[in-house]
Amino acid sequence: MEAERTLREEELTGLAELAAQLRVDSIRCSTQAGSGHPTSSLSAADLLAVLVSRHLRYDWSYPGNRANDHLIFSKGHASPLLYAVFRATGAISEQELMETYRQSNSRLQGHPTPVLPWVDTATGSLGQGLPVGVGIALAGRYLDKLPYHVWVLCGDSETAEGSIWEALDKAGHYGLRNLTAIVDVNRFGQRGPTELEWDLDTYRRRVEAFGCHPLVVDGHDLAAIDEVLGQARESTGPTVVLARTVKGKGVPEIENRPDWHGKALEPDRAERAVQALGGVRQIRVAGPRPAAAPPAPAAAPPAPAPAAGKPLELPRYEKGAKVATRNAYGDALRALGVRPDVVALDGEVSDSTRADKFGEAYPDRFFEMFIAEQQLVAAAVGLRVRGYRPFAATFAAFLSRAYDFIRMAGISRADIALAGSHAGVEIGPDGPSQMGLEDLAALRAVHGSTVLYPSDAVSCAALVAAMVDREGVSYLRTTRGKYPVLYDNGDDFPIGGSKVVRDGSDVVLIGAGVTVHNCLAAADELAREGIDARVVDLYSVKPVDRQRLLDAVRDTGGRLVVVEDHYPQGGLGSAVLESLADLAEPVRVSHLAVRGLPGSGTPAQQMDRAGIGVHAIVSAARAIA
């Protein structure tokens with residue numbers, strides 16, 4: 001049932017009491033912890049009191065209900081308020097709030113994470129909650145087709161982040177009427193006034209320019225808040241509630257003062273504030289129930305089975321045929337489309353990443369994020385919140401723009417697959433602006449990540465299939481150029497494994513992706529000189545095949561040449577050396593990588609100039625053998 005638009009006096013009193021409780025609990029828990037952001041919580045307490053009591057359709061006893069609304073705190077530093085809400089709904093106890101907030105091994109961390117079943121995504125790095133909310137809303141409107149609504153509490157400071165406007169742009173483009181951003185315009189950021197302060201008219205005009213409907217409101221007028229939240233739910237497009245608030249509202253000693261950001265109140269000041277707010281309360285609120293929806297037994301819905309009569313059939317390739325691994329990525333992704341939980345996203349380069357093959361076959365599960373890489377990754381995280389298996393692709397170099405989102409996806413423990421094409425100097429004449437030369441290092445550093453770099457079409461297709469059910473952030477690096485198929489269809493490529501493409505005992509040439517082919521050509525030349533070179537395809541960069549490397553050290557007396565189309569820091573060579581760092585026996589490693597700044601040229605010229613071409617490999621192997 002829709003919330004009534006005219007609140008009775010007793011309802012207003014109840015909302016005011018709940019808002020006071022949220023303020024009191026925000027002060028109490030942060031003071032007890034000795035740290036936190038109470039003033040950022042106090043400003044939004046009235047907004048949350050009305051939202052949770054009157055508009056958020058949520059079954060707090062069953063967070064896995066697929067019809068539940070979603071509540072995201074993009075301003076994750078206001079966690080005292082979020083946890084106060086959880087206490088008010090009965091999701092957590094007063095004891096947990098007061099004794100564990102910001103403490104070691106607590107679920108109630110300084111910024112919220114999905115260790116709590118009511119939290120969809122980790123926030124705290126500002127500008128991320130709303131873009132993830134776009135992904136959830138995309139799932140709701142176009143895939144789930146359920147009436148849940150996505151509510152995102154944003155801070156006014158984070159509207160300076162470009163990702164907020166990427167999100168609003170895509171929300172307008174896709175007509176996400178099931179998405180509402182609530183901006184807490186309290187005028188102060190960390191060090192003083194925000195860019196726009198209380199200039200709500202400028203905020204309004206900016207929101208309108210991005211195709212969203214602004215709703216301006218006094219963020220402390222409970223009846224007015226109730227009115228605009230009701231309008232937001234019934235809107236025909238995405239809405240942005242612009243709420244003028246006062247930082248530290250309700251505590252005169254710290255109200256509207258810039259020097260209290262991120263500071264817990266001292267115990268005596270906190271006690272005075274609590275008493276001024278009417279003391280500790282024990283209010284419980286249930287809020288409206290969600291609409292009926294198909295039951296799901298888990299917080300994250302299980303992946304649907306492949307469509308009946310359509311088993312997964314990976315693409316097949318003729319051995320020796322020249323096929324680019326980016327083509328194999330597109331072929332394999334299209335094959336995975338038989339699973340209704342697989343969705344694909346791209347950043348307006350799908351004809352290059354080959355994600356367009358999935359889009360052509362399954363247009364209802366393909367989302368174009370245009371050149372908005374932050375939103376690309378965030379939408380993937382949001383789709384995963386709803387149980388889908390997202391694959392997001394762009395040029396490897398451009399994922400660097402979204403690196404903070406990838407990092408936060410790791411903190412959220414989001415199971416998403418990323419694909420970066422056009423990696424390394426191998427791409428040729430486009431020059432360094434288009435060359436992914438840092439991606440392996442960056443993705444290896446993400447918590448719980450998997451990093452894969454196949455050398456041929458068969459291995460690429462197999463690894464794409466392996467990524468679909470992989471936990472955490474998975475990254476696949478693909479190659480622009482066409483190279484010979486090395487493996488037989490049906491060969492096994494376990495994550496964490498490797499392949500010996502050519503055996504030998506004098507020296508081991510270790511490559512991944514394009515450099516495997518250079519190593520094979522070098523091995524042929526070395527054989528003519530009487531040097532027996534083993535070639536290892538280290539397609540799994542993280543986790544790396546330590547046992548294969550130990551065997552290589554043992555069999556060749558520790559003579560290794562590692563060749564990578566990447567800068568020397570953090571990539572394939574680092575993975576090898578880190579894996580062997582604790583060996584007692586000596587290891588001689590010649591590490592060939594891109595050490596200078598590339599320019600333009602053919603792929604062969606680029607690799608030769610970078611010192612990772614065939615002749616450089618032969619020279620390094622000859623010297624070490």
Start with the C-alpha gap between Leu526 and Asp506, add the side-chain angles, then the distance that decides, and say whether side-chain contact (heavy atoms from CB on, under 4.5 Å) holds.
CA-CA 10 Å; Leu526 289 166; Asp506 291 334; over 6 Å; no
Step by step, work out the salt bridge (charged side-chain N to carboxylate O under 4.0 Å, His left out) result for Asp565 and Arg477.
CA-CA 11 Å; Asp565 192 358; Arg477 193 188 215 220; 5.4 Å; no
Could you go through the side-chain contact (heavy atoms from CB on, under 4.5 Å) check for Leu486 and Val458 one step at a time?
CA-CA 8 Å; Leu486 303 175; Val458 169; over 6 Å; no
Between Phe370 and Glu166, is a side-chain contact (heavy atoms from CB on, under 4.5 Å) present by the stated rule, with each step listed?
CA-CA 10 Å; Phe370 302 95; Glu166 286 186 15; over 6 Å; no
Can you list the steps and then say if Tyr483 with Asn518 is a side chain to side chain donor-acceptor pair (under 3.5 Å)?
CA-CA 10 Å; Tyr483 292 89; Asn518 291 351; over 6 Å; no
Derivation and outcome, side-chain contact (heavy atoms from CB on, under 4.5 Å), residues Ile411 and His447:
CA-CA 7 Å; Ile411 295 173; His447 174 73; 5.9 Å; no
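The heavy-atom pair separating Ala378 from Pro131 by the smallest distance is CB-CB, 3.3 Å. The minimum heavy-atom distance between Ala167 and Gln375, with the atom names listed, is CA-OE1, 3.1 Å. Of all heavy-atom pairs spanning Ser459 and Pro454, the tightest one is OG-CB, 3.5 Å. Heavy-atom minimum distance, Val425 versus Pro598: CG1-CG, 3.6 Å. Heavy-atom minimum distance, Tyr403 versus Ala442: OH-O, 2.9 Å. Here the shortest heavy-atom pairing between Ala332 and Leu314 reads CB-CD2, 4.4 Å.
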In a table with atom names and distances, give each donor-acceptor pair under 3.5 Å that connects a side chain of residues 605-616 to protein atoms at least two apart or in another chain.
| residue | atom | partner | partner atom | Å |
| --- | --- | --- | --- | --- |
| Gln605 | OE1 | Thr602 | N | 2.9 |
| Gln605 | OE1 | Thr602 | OG1 | 3.3 |
| Gln606 | OE1 | Arg609 | NH1 | 3.4 |
| Gln606 | NE2 | Gly428 | O | 2.7 |
| Gln606 | NE2 | Gly599 | O | 2.7 |
| Arg609 | NH1 | Ser600 | O | 3.2 |

Tell me which donor-acceptor pairs under 3.5 Å the side chains of residues 394-401 have, and how far apart each pair is, sequence neighbours excluded?
| residue | atom | partner | partner atom | Å |
| --- | --- | --- | --- | --- |
| Ser400 | OG | Ala397 | O | 2.6 |

Which pairs would a plain distance check flag for residues 529-539, meaning a side-chain donor or acceptor within less than 3.5 Å of a matching protein atom at least two apart in sequence or in another chain?
| residue | atom | partner | partner atom | Å |
| --- | --- | --- | --- | --- |
| Glu529 | OE1 | Arg622 | NE | 3.0 |
| Glu529 | OE2 | Arg622 | NH2 | 2.8 |
| Asp532 | OD2 | Ser505 | N | 3.3 |
| Arg534 | NE | Asp503 | OD1 | 3.0 |
| Arg534 | NE | Gly504 | O | 3.0 |
| Arg534 | NH1 | Asp555 | OD2 | 3.2 |
| Arg534 | NH2 | Asp503 | OD1 | 3.4 |
| Arg534 | NH2 | Gly504 | O | 3.2 |
| Arg534 | NH2 | Asp555 | OD2 | 3.1 |
| Asp537 | OD1 | Tyr539 | N | 3.3 |
| Asp537 | OD2 | Ser455 | OG | 2.7 |
| Asp537 | OD2 | Tyr487 | OH | 2.7 |
| Tyr539 | OH | Pro494 | O | 2.8 |

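Thr121 and Ser412 share a side-chain donor-acceptor pair at under 3.5 Å. With no hydrogens or angles considered, no side-chain donor-acceptor pair links Asp456 and Tyr317 at under 3.5 Å.
A distance of 10.0 Å separates OH of Tyr362 from CG of Leu333, quoted to the nearest 0.5 Å. Atoms CD and CE, on Gln128 and Met408 in that order, are 5.0 Å from each other to the nearest 0.5 Å. In this structure, Lys170 NZ and Leu376 CG are separated by 10.0 Å, a value rounded to the nearest 0.5 Å. Annotation: the span from Leu452 atom CG to Leu418 atom CG amounts to 11.0 Å, rounded to 0.5 Å. A distance of 9.5 Å separates CG in Leu572 from NE2 in His566, rounded to the nearest 0.5 Å. Remark: Glu373 CD to Phe405 CZ distance equals 11.0 Å, nearest 0.5 Å.
Counting heavy atoms from C-beta on, the side chains of Leu179 and Tyr174 never come closer than 4.5 Å. Side chains of Val338 and Pro311 form no contact here, defined as non-hydrogen atoms less than 4.5 Å apart. Looking at heavy atoms from C-beta onward, Ile136 lies in side-chain contact with Tyr148 at the 4.5 angstrom threshold. At least one side-chain heavy atom of Val464 sits under 4.5 Å from a side-chain heavy atom of Phe391. Counting only heavy atoms from C-beta outward, the side chains of Glu564 and His591 approach each other to under 4.5 Å. Inter-residue side-chain proximity for Leu550 and Leu583 is flagged as met; some heavy-atom pair is nearer than 4.5 Å. Between Leu383 and Leu143, the closest side-chain pair of non-hydrogen atoms falls below 4.5 Å.
For the salt bridge (charged side-chain N to carboxylate O under 4.0 Å, His left out) test, no residue two or more places apart in sequence or in another chain qualifies with Arg470. With sequence neighbours left out, Thr325 forms a side chain to side chain contact (heavy atoms under 4.5 Å, CB included) with Cys460, Thr478, Thr479. Residues that satisfy the side-chain hydrogen bond (donor to acceptor under 3.5 Å, both in side chains) test with His70, not counting sequence neighbours, are Asp120, Arg386.
The 12-atom threshold is not exceeded at CZ of Arg177, counting heavy atoms of other residues, nucleotides or ligands nearer than 6.0 Å.
No donor-acceptor distance shorter than 3.5 angstrom exists from the side chain of Arg354 to the backbone of Arg326, with no hydrogens or angles considered. Judged by distance alone, the side chain of Thr515 and the main-chain N or O of Val563 form a donor-acceptor pair under 3.5 Å. Here the side chain of Asp356 pairs no donor or acceptor atom with the backbone of Gly359 at under 3.5 angstrom. The closest donor-acceptor contact from the side chain of Arg546 to the backbone of Ser579 lies under 3.5 Å. Looking at Glu426, its side chain does come within 3.5 Å of a backbone N or O of Gly481 through a donor-acceptor pair. Proximity of a side-chain donor or acceptor of Ser449 to a complementary backbone N or O of Leu443 within less than 3.5 Å is detected. Side-chain N or O atoms of Lys482 include none that pairs as donor or acceptor with a backbone N or O of Lys322 at under 3.5 Å. The backbone N or O of Ser74 sits nowhere less than 3.5 Å from a side-chain atom of Thr123 that would complete a donor-acceptor pair. Not a single donor-acceptor pair under 3.5 Å links the side chain of Asp346 to the backbone N or O of Ala355. Checked by atom type and distance alone, the side chain of Arg413 never pairs as donor or acceptor with a backbone atom of Pro114 at under 3.5 Å.
Taking 4.0 Å as the cut-off between side-chain N and carboxylate O, Arg548 and Asp551 do not count as a salt-bridged pair. Electrostatic pairing of Asp469 and Arg339 counts as a salt bridge here, judged by a charged N lying under 4.0 Å from a carboxylate O.
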